[in-house]
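Reckoned from all heavy atoms, side chains included, excluding hydrogens, waters and symmetry mates.
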Amino acid sequence: MTDARFTEASPALVLSGEGERPDSVEIVGPRARVTARLTGRGKTWTATLPLRAARWGGPELPLPAGSYEVRITDAAGRGIRPPESIPLTQLGTLRASLEGWTLRVGPPIDPAYDSGEGQDALERRYATRPASGFENAVFFESFYGRNASCNPLAIDRELARRAPRVTRYWSVVDLSVAVPEGAIPVVEGSPEWWRARGAVRLLVVNDWLRRRFSRRKGQIVLQTWHGTPLKRLALHRPGFDPRRTAAVVRESLRWNILLAQNPYAARILGKAYAFLTRPIWVEGYPRNDVLTTGDGAATRAALGIRPGERVLLYAPTWRDDRDQIVDFIDPVSLAAATDAVVLVRGHSRTLLPGRDAEGPRVIDVTGFPDTSQLLLVADALITDYSSVMFDYSVTGKPMYFLVPDMEHYRGELRGFYFDLAAHAPGPMVRTQDELVAALAADDSATYAGRYARWRDKFNARDDGRAAERVVSRILDQGFIEA
């Protein structure tokens with residue numbers, strides 16, 4: 001290795017060396033991989049590694065923040081030593097540093113603001129002394145800015161169609177997050193992010209607000225939440241914790257309106273978040289509109305799935321006692337046993353820790369931006385206690401519940417609002433062998449009555465027009481101007 005440097009015009013890591021060029025040079029991270037463009041004719045070589053990547057047929061975007069391993073084929077055997085370290089460098093759409101074989105990528109936050117003191121200064125500037133009046137704009141955030149998805153995405157699309165003059169800001173953790181066409185990404189913690197959050201009249205979010213958010217007088221926060229609950233949450237979680245109680249109440253006081261998929265969810269969420277005297281809109285879930293109106297052909301093509309191939313989606317919820325996705329299946333052997341493509345979808349809380357699952361006919365879609373599109377292409381869902389069960393039932397397609405830790409989860413980790421075993425609209429199994437047998441049996445007729453009752457209770461408003469109704473209420477109440 002003779003040289004290592006970053007280029008800023010088109011952000012890249014450029015490595016140079018002597019001798020015959022390696023067969024390959026890559027940077028490999030938990031959720032992204034980039035292969036270098038190699039040049040050289042035997043005496044010297046150069047490897048150019050773009051710090052950008054495209055996934056799922058989408059646009060080429062900056063790499064997600066995180067640590068990456070620089071891999072050079074047979075580096076030790078060829079006597080290639082680690083490159084000289086490069087300190088943290090601002091590269092326009094991201095920041096990067098190199099230490100040995102480790103590349104670290106971060107969001108493009110000015111170092112002056114990337115500290116507690118810097119964030120305090122921005123809060124004082126934009127939150128405690130905001131500009132007068134409001135911008136005719138909406139601030140969207142989904143799953144803490146890790147993607148642009150869920151109910152906020154569906155509301156964004158309908159709002160863009162009906163009120164195209166409204167400015168739409170999307171909160172993102174970094175610029176690897178693709179935002180909807182016409183929207184403006186604002187990186188969390190940046191001056192633009194602080195300014196937008198304080199200047200808009202309407203905020204549409206699907207999880208807790210953060211960074212000491214204080215709602216201005218006249219601002220409206222529409223909390224869409226992100227699922228009908230089976231597992232206990234907020235004030236209903238097992239064990240009394242006064243700090244958690246205070247945090248829940250403080251958070252719910254930031255919201256003006258709560259969106260619920262069905263009357264059951266409205267009742268549970270209202271009590272769990274002490275949201276009993278403010279409006280709860282029971283309109284179905286906008287994110288589920290696509291399940292009745294959409295076509296999954298484009299998503300299948302983006303994932304590389306051939307027409308007619310059977311698709312199984314494994315989408316478990318997260319666990320309070322572990323960071324990564326639960327490993328109750330071996331996706332490679334499941335794909336072989338069922339002659340299917342297996343999509344592995346970790347919960348959004350497992351996106352940052354862990355690595356993509358790999359193997360023949362296995363596609364890890366934890367980083368795929370929109371779960372609804374995955375539900376659309378799946379021929380069957382395998383889940384456990386995830387709220388995805390209440391969304392997938394819109395399709396009427398079969399569901400299977402793999403629950404080897406049912407007693408532990410129900411009795412110690414979270415607890416349930418109802419007896420899943422008594423009402424599940426599909427087989428409940430404890431092992432992968434039982435799951436394979438259930439998939440082969442295809443006893444959907446056995447569960448037809450349960451499935452129908454389930455849909456009557458949880459999906460009555462999931463008719464493909466939920467986003468339309470929500471946006472109509474937003475416009476009718478004058479939260480923004482069309």
Side-chain angles (χ1 to χ4, degrees), residues 1-17 21-22 24-40 45-56 58-73 75 80-119 122 144-148 170-179 184-193 351-356 366-367 369:
M1 184 80 64
T2 57
D3 184 50
R5 58 189 172 86
F6 291 123
T7 60
E8 184 175 354
S10 180
L13 171 62
V14 181
L15 305 176
S16 301
R21 71 187 186 195
S24 70
V25 179
E26 294 180 305
I27 45 178
V28 181
R31 306 288 180 189
R33 177 191 298 253
V34 173
T35 301
R37 178 172 58 86
L38 287 162
T39 57
W45 56 268
T46 299
T48 302
L49 291 147
L51 301 182
R52 301 173 67 85
R55 300 193 78 183
W56 325 118
E60 194 175 74
L61 296 167
L63 288 177
S67 293
Y68 295 79
E69 180 187 356
V70 180
R71 295 181 183 174
I72 299 179
T73 306
I80 300 176
R81 296 183 177 182
E84 293 292 326
S85 296
I86 307 175
L88 192 64
T89 305
Q90 197 82 24
L91 299 172
T93 55
L94 48 74
R95 290 185 299 160
S97 65
L98 184 67
E99 184 176 344
W101 296 120
T102 301
L103 169 71
R104 291 188 172 84
V105 173
I109 302 289
D110 188 316
Y113 299 120
D114 193 15
S115 64
E117 295 81 0
Q119 290 297 296
L122 290 174
Y144 303 133
R146 295 181 188 130
N147 52 43
W170 270 90
S171 169
V172 296
V173 292
D174 57 42
L175 293 177
S176 73
V177 177
V179 302
I184 300 171
V186 285
V187 176
E188 178 190 346
S190 68
E192 296 79 11
W193 183 86
L351 175 61
L352 299 182
R355 306 184 74 86
D356 281 356
T366 302

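- Under 3.5 Å, the side chains of Thr2 and Ser16 contain no donor-acceptor pair of N or O atoms.
- Between the side chain of Arg52 and the backbone N or O of Glu60, at least one donor-acceptor pair lies under 3.5 Å.
- Here the closest heavy-atom approach between residue Arg33 and residue Val28 is recorded as NH1-CG2, 3.7 Å.
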Pair Ser171-Trp193, side-chain contact (heavy atoms from CB on, under 4.5 Å): steps then yes or no: CA-CA 7 Å; Ser171 169; Trp193 183 86; 2.9 Å; yes

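- Of all non-hydrogen atoms in Ala75 and Trp101, the two that sit nearest each other are CB-CZ2, 4.3 Å.
- When side chains are defined from C-beta on, Val177 does not count as touching Pro185, because their heavy atoms never get closer than 4.5 Å.
- The minimum heavy-atom distance between Thr48 and Ala12, with the atom names listed, is CG2-CB, 4.1 Å.
- Annotation for Gly106 and Ala65: closest pair CA-CB, 4.0 Å, computed over non-hydrogen atoms.
- Using a 4.5 Å heavy-atom threshold, the side chains of Leu103 and Leu51 count as touching.
- With Arg21 contributing its side chain and Gly40 its backbone, the two residues share a donor-acceptor pair below 3.5 Å.
- Looking at Arg95, its side chain never comes within 3.5 Å of a backbone N or O of Thr89 through a donor-acceptor pair.
- Expressed to the nearest 0.5 Å, how far CD of Glu117 lies from CG of Leu122 amounts to 12.0 Å.
- Looking at every heavy atom in both residues, Pro87 comes nearest to Ser97 through C-CB, 3.9 Å.
- The two residues Gly100 and Pro82 make their nearest non-hydrogen contact at CA-CB, 3.9 Å.
- To the nearest 0.5 Å, atom CG of residue Leu175 and atom CG of residue Leu94 are 8.0 Å apart.
- We find the CD-CD distance between Glu26 and Glu69 to be 9.5 Å, quoted to the nearest 0.5 Å.
- Residue Trp45 holds its CH2 atom at 4.5 Å from CE of Met1, rounded to the nearest 0.5 Å.
- The CG atom of Leu49 sits 8.0 Å away from atom CG of Leu38, with the distance rounded to the nearest 0.5 Å.
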From CA spacing to verdict: side-chain contact (heavy atoms from CB on, under 4.5 Å), Val34, Leu13: CA-CA 11 Å; Val34 173; Leu13 171 62; over 6 Å; no

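- A distance-only check finds a donor-acceptor pair linking the side chain of Arg55 to the backbone of Arg31 [under 3.5 Å].
- Between Leu15 and the options Val70, Thr46, Asp3, a side-chain contact (heavy atoms from CB on, under 4.5 Å) holds for only Val70.
- Taking CG from Leu98 and CD1 from Ile86, the interatomic distance works out to 5.0 Å, rounded to the nearest 0.5 Å.
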